[in-house]
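For clarity, every value in this text was computed on a predicted model and none was experimentally measured. Order of appearance sets the numbers: ligands from 1, and atoms from 1 within every ligand.
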Amino acid sequence: MEESKFESEIKFPEQHEFGRKELDIAEIEMPGLMGIREEFGPKQVLKGAKISGSLHMTIQTGALIETLHALGAELRWASCNIYSTQDHAAAAIVKKQTSKVFAWKGETLEEYWNCTNKMLTWPDYPGPDILVDDGGDATLLIHEGVKAEHHFAKTGELPDPSKFDNLEFQQVMRIIKEGLQGGLTQKWTKMAANLKGVSEETTTGVHRLNQMSAKGELLVKCINVNDCVTKSKFDNVYGCRHSLPDGIMRATDVMIAGKQVVILGYGDVGKGCAAAMKACGARVVVTECDPICALQACMEGFDVKRLESVVSTADIFVTSTGNKGIIMAHHMAQMKNNAIVGNIGHFDNEIDMAGLEAYPGISRTEIKAQVDRYVFPDGHGVIILAQGRLLNLGCATGHPSFVMSCSFANQALAQIDLWENRDTNKYENGKVYKLPKELDEKVARLHLPALNAELTELSQEQADYIDVKVEGPFKHEEYRY
Ligand code: NAD
Ligand code: ADE
């Protein structure tokens, strides 16, 4: 077995000291993760667990990795986006050997999927025992691998990447094909059989899992971390409220006040984005397909319009729908000169980048890394952030530590639960579960002292009156916050 296959692959190992200084600061801002280290570290609750992670390799993720390591786990990590790695974070983790890391900022698609493959491939072991996934790419690779191996066993046919239009899917098929050609005919089947569970970070990844579960195609047990209240109602809202303006400003330095900004999608992420732009002094317009979210936007004082109504007057466009085909090339052709177009949703299919690249007579100038100006034949241009990939992580450093501490405390609790229940029947393969509300409240509780918050205690009489326990949970399952 060639040793190099299992070593870390990062770009700037010399940046480890900078990474470690930022990780030290992050720990102070991440009371959720530090509380979990304190409570579960001495018991080594993850001892023996091999964890693979596909999640933006940032400083905050470094703190998650080192929490899982402090609980006894062995780790391999890759980023879930080609532009989101902070190279100094990767360097600090590799230097301390708390995880193997396969990630750098500015990967090609081919490199990205090679890194994902290496993160999932454990030396002399079938694969990860548990997986942290963000967006579902690692879960997808395993499931497509299993399908292709079954097909190969039956027919002897290899997958043909060229049959697929989607460039990412071509890479998925390439990886699987290369494995089969190299004689690994059971790699993904054995990996899926060994996998005790997946905890999924984001809305789009959970959507993918639910679809697979409904079709009966999901092979593993999954925990939906996104829908913890202390994740989606904090990271998606307040995280984006912080990191959207950060990304736009670092990329363009444009004055946001006075500008017309269109936020496409007013879910959790869109709510944070619209609030941030309003706070910057922008005139905010929202697009929505859901009448409830549209009405919420109106009640917050935003105009709700169709894209077509504002496409030629607005200055900045941000997609946050988790849907595809939101801003098309013909829309960008109608925009003002130097309109800024970016996406904060998980995948790069919200903005029609392929259509833009293929637009007759279009030319592209790179202003700097992750900022490009596309000029139409009539001479007007649009400024595209992070090539249509999530701009807060491509053009800035994503959400700050405090809010990621909430998200990642839920991740750590999900990983512990999956590992501790690996041999029980608490979770069933093929199903997607949420963490109990007690844990959600615990995560929130861990963050209150840092903000000097004083929690009111219920008397027994009050608790009985509203039908809850004195120690919580304080809301019924259907409560929407
Ligand atoms: P959500 O479901 O709460 O919100 C999406 C909204 O978009 C919904 O209200 C939906 O009605 C609306 N929508 C769908 N199609 C539309 C269309 N064609 N036009 C207008 N509106 C449309 O999801 P969310 O939690 O807000 O997440 C949105 C995306 O952001 C997902 O891809 C998620 O994975 C991602 N995300 C990114 C970050 C980040 O840091 N960049 C953080 C969290 C989530
Ligand atoms: N998602 C959004 N911001 C992030 C960050 N800073 N680290 C990891 N994942 C993120």
Any N or O on Asp268 sitting closer than 3.5 Å to an N or O of ligand 1? yes
Option with minimal heavy-atom separation from atom 43 (C) of ligand 1, where the choices are Thr204, Asp290, Asn236, Val403: Asn236
Does ligand 1 have a heavy atom under 4.0 Å from the side chain of Asn323, from its backbone, from both, or from neither? side chain
Quick check: does Lys231 get an N/O under 3.5 Å from an N/O on ligand 1? no
So do the side chains of Asp246 and Leu244 get within less than 4.5 Å of each other, counting heavy atoms only? no
Under a 4.0 angstrom heavy-atom cut-off, which atoms of ligand 2 come close to Leu55? 8 (C), 9 (N)
Residue-level breakdown please: for Gln60 versus ligand 2, do any non-hydrogen atoms fall below 4.0 Å on the side chain, on the backbone, on both, or on neither? side chain
Backbone or side chain, does any N or O of Ser320 fall under 3.5 Å from an N or O of ligand 1? no
Show me which atoms of ligand 1 lie under 4.0 Å from any heavy atom of Ile344. 30 (O), 37 (C), 38 (C), 39 (C), 41 (N)
Taking non-hydrogen atoms only, is Cys293 closer than 4.0 angstrom to ligand 1 via side chain, backbone, both or neither? side chain
Return yes when Gly239 approaches ligand 1 closer than 4.0 angstrom through a heavy atom, no otherwise. no
Give the ring-plane orientation class for Tyr479 versus Tyr481, where under 30° counts as parallel, over 60° as perpendicular and anything between as tilted. perpendicular
Check the orientation of Tyr266 and Phe302. Use parallel for under 30°, tilted for 30 to 60°, and perpendicular for over 60°. perpendicular
Residue and atom name of the nearest protein heavy atom (relative to atom 30 (O) of ligand 1), distance in Å to one decimal: Gly345 CA, 3.4 Å
Can you list the atoms of ligand 2 that are under 4.0 Å from a heavy atom of Thr61? 7 (N), 8 (C)
List the atom of Val206, the atom of Glu200, and the distance in Å for their closest heavy-atom pair. N-CG, 3.5 Å
Applying a heavy-atom cut-off of 4.0 Å, say which part of Leu390 lies close to ligand 1: side chain, backbone, both or neither. side chain
Give the numbers and elements of all ligand 2 atoms closer than 4.0 Å to a heavy atom of Phe408. 8 (C)
Any atom of ligand 1 sitting under 4.0 Å from a heavy atom of Leu264? no
Can you tell which part of Asn226 has a heavy atom less than 4.0 Å from ligand 1: side chain, backbone, both or neither? neither
Is the closest heavy-atom distance from Ser232 to ligand 1 below 4.0 Å? no
If we only count N/O pairs under 3.5 Å, is Cys240 in contact with ligand 1? no
May I ask whether Gly398 has any heavy atom positioned less than 4.0 angstrom from an atom of ligand 1? no
Side chains of Met173 and Glu144: does their closest heavy-atom pair fall under 4.5 Å? yes
Ligand 2 to Asp235 polar contact by distance, N or O atoms, under 3.5 Å: no
Any side-chain to backbone donor/acceptor pair from Arg37 onto Ala70? Under 3.5 Å, distance only. no
Counting only heavy atoms closer than 4.0 Å, does ligand 2 sit against the backbone of Glu201, its side chain, both, or neither? neither
With heavy-atom distances below 4.0 Å as the criterion, list the atoms of ligand 2 near Thr397. 6 (N)
Regarding Glu308 and His331, is there a side-chain donor-to-acceptor distance under 3.5 Å anywhere? yes
